[in-house]
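Reading through the C-alpha cells given below for one structure.
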Amino acid sequence: MRLLLVHPSALLYSEIFLRLEPLGLERVAGAARAAGHEVRVVDLQVLTPRALAAEVRSFRPEALGISLNYLANIPEAIDISRAVKREVPGCFVFLGGHSVSFVAGDVLEQARGAVDAVVRGEGEPAVVSLLQAVRDGDGVEGVPGVVTVNGRGPAPVMMHSIDSPAPARDLMRHRRKYFIGELDPCASIEFTRGCPWDCSFCSAWTFYGRSYRKASPEAAGHEMASIKEPNVFIVDDVAFIRPEHGHAIAAELERRRIRKHYYLETRSDVLLRNEEVFQRWARLGLSYMFLGMEAIDAEGLDLYRKRVSPDDNFRALEQARKLGINVAINLIVDPAWDEERFRVIREFALSVPEIVHLTVMTPYPGTEIWHTEARRLTTRDYRLFDIQHAVVPTTLPLDVFYRELVRTQAVINRKHLGLRTAFGAMRVLGGNLARGQTNFARMLWKFNRVYNPARQLADHRRGVRYELPLPPAATAEIGNRRALYVHTRPVAAERATAERADRERAAVEGPVPGAAADRTPGTEPV
C-alpha cells in the first residue's frame, strides 16, 4: 500500500529552542516499509502545508497516518484528515501517538468521519497489522490497539524488544533543519523506553504500563554508526537508570570509534548514584544534560511526587559542573504563583550558571493530575495544552500571570540567548554557519517574536471547534492506578512489572516505605 505519514507543525517552544526529528514516526515508517509498503513522510515542522498538499496530489496515498504526541496538534490533525479525505476519498486515515492514545474515542467522535481509526499504544507493532487489514478488506476492529467509532479492539501490543524496526531516517527531507540548542544539526536515538517513576504530572509511566525496556548495546552501536549528523539527542525519559547498560553502550561506541556530541535527559538522583557512567559519556562527547528539577523547594517536589530532595538537585548541578556538562533545568510554573513567587524564581535563575526553562503546570489525560485538576479547567481548547498556557485558574489575573511568566522567561533569555551569548558562543556559531547550519543562529533573536503576553492572552480568545473531554466522574479520584494505563498486562504479569519497576527505582533512590507491601492485585505502589 501507499502510506503517507505526517508529523504536525511545531508547538510554541519548538519555534525557538529545538526542532527534533520525529523518531517515533520514523520507526513506524521503518516497520511499514519492512512489511513491503511504499512509505513517504511529511514533517510539517520543516515543510509547509502547501508541500503536504502537493505530496497528497502526487502520491495519492491509500493510507494516511498522523502522529499525535501532543494534544495541541489534534485540531490540526483533524483538519488535515478532512482535507486528505476530500482529495483522495478512498484513503484510510488513522491517528496514533502518545497523547491521542488517552483520548482516542473522543477524537474519533469530534472528527465526524474524517478519521477512520486511532491506534492506541506503540505504533510499530500496530501499523503492519492495521495496513494488512485495510489492504485485505478485513475489518480493522480486530487489530490490537485500534479504536474505531464502533469501539475498541483488543488491547495494544507492546514490543518485546526495541532493537527493531530501524528508523527510516532516509525518508526525512531537510534533515539539516533538526537541532537542539547549539547542537545543529542534531539527530535523535532511543536507548531505553519507559520509566519506573510515577510523577503525578507525567504520563510516560501510564502509557507504557510501568514497563522499562533497553536496547541491546550492539543494536545501539549499529544505529549510532548509521547516523550521519555530528550531534545526537538521546530521547530516553531518564537516561542511564541502569549504569551497566550505559557502560555497555559506551563500550560499543568506543569499540567502533564513534565520536559525537550528545544531549540527554535524566534525573538528579540518577546522576548522583551513577556518576561514573556520566563521566564516561562526558569523555565520549556528552555536552548537554536536561534535568527536570520541576521545583526548587521540598513542597513543590512533593506536589509532583518527584521522590527527590532539593539538596539532591543542587548536588547534581554541582556534579554536572565538575564533569563539564552544560545543564538545562526545567521548573514547573504553578498557576497559583503570585508576583513574589515569580520574583524568587527570577532570582534563582540568575544565581545559577545553568539554563533555566519554564513550563506551565498542565493536567494532561493519562496523568494523575488530570483526574484531580481537570474539573477545574478554565479552557478545554486542545491548542492551549502546550505547557506554555494556563488552563486552570491562576491566582493572578490571567493577563498579569502571562506578564510575569514572560518577564521571567525574558530574564532567562537575556542570560542565555541574544547577542551576549552569540559572542560567547562565536566558535560554535561560526562553525555552524560555515557548514550552512543557521538554526542555532536564528533562535538567538526570536524570543520576543514568539513569547509575549499579548499573544498568549489572545490565544484564549480564539474560536474553539475541538475541545478536550473531561474525565468521567467515576474516575475523578483514581484508586486503581492501573486504570490509567494504555499498555496493560494480566494482573500477575502486571504485579511482576511493578515489582521490577520498584527495584529499578530503588536501585537509584533506595526503597520507598510501603512500596511493595499491602499491594492488592491490579493496584500500583505509590
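Residue numbers run from 1 in the order of the sequence given.
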Who are the side-chain hydrogen bond (donor to acceptor under 3.5 Å, both in side chains) partners of [X], not counting sequence neighbours?
| X | value |
| --- | --- |
| R193 | E122, E124, E190 |
| E275 | Q319 |
| T362 | none |
| Q110 | Y382 |

Checking [X] now: which residues fulfil salt bridge (Lys or Arg N to Asp or Glu O under 4.0 Å) with it, not counting sequence neighbours?
| X | result |
| --- | --- |
| D381 | R383 |
| E218 | none |
| E223 | R169 |
| R376 | E373 |

*State which residues pass ring pair (Phe, Tyr, Trp, His ring centres under 6.0 Å) with H247; sequence neighbours excluded, sorted by chain then number.*
none

*By side chain to side chain contact (heavy atoms under 4.5 Å, CB included) - contacts of R82 (at least two apart)*: I78, D79, R86, R112, A114, Y466

_Any pair counted as ring pair (Phe, Tyr, Trp, His ring centres under 6.0 Å), so long as it reaches residues 96-127, sequence neighbours left out_ = H98-F102, H98-F207

Can you give each donor-acceptor pair under 3.5 Å made by side-chain atoms of residues 159-167, sequence neighbours left out, with the distance rounded to 0.1 Å?
residue, atom, partner, partner atom, Å
S161, OG, D163, N, 3.1
D163, OD1, S216, N, 2.8
D163, OD2, S216, OG, 2.9

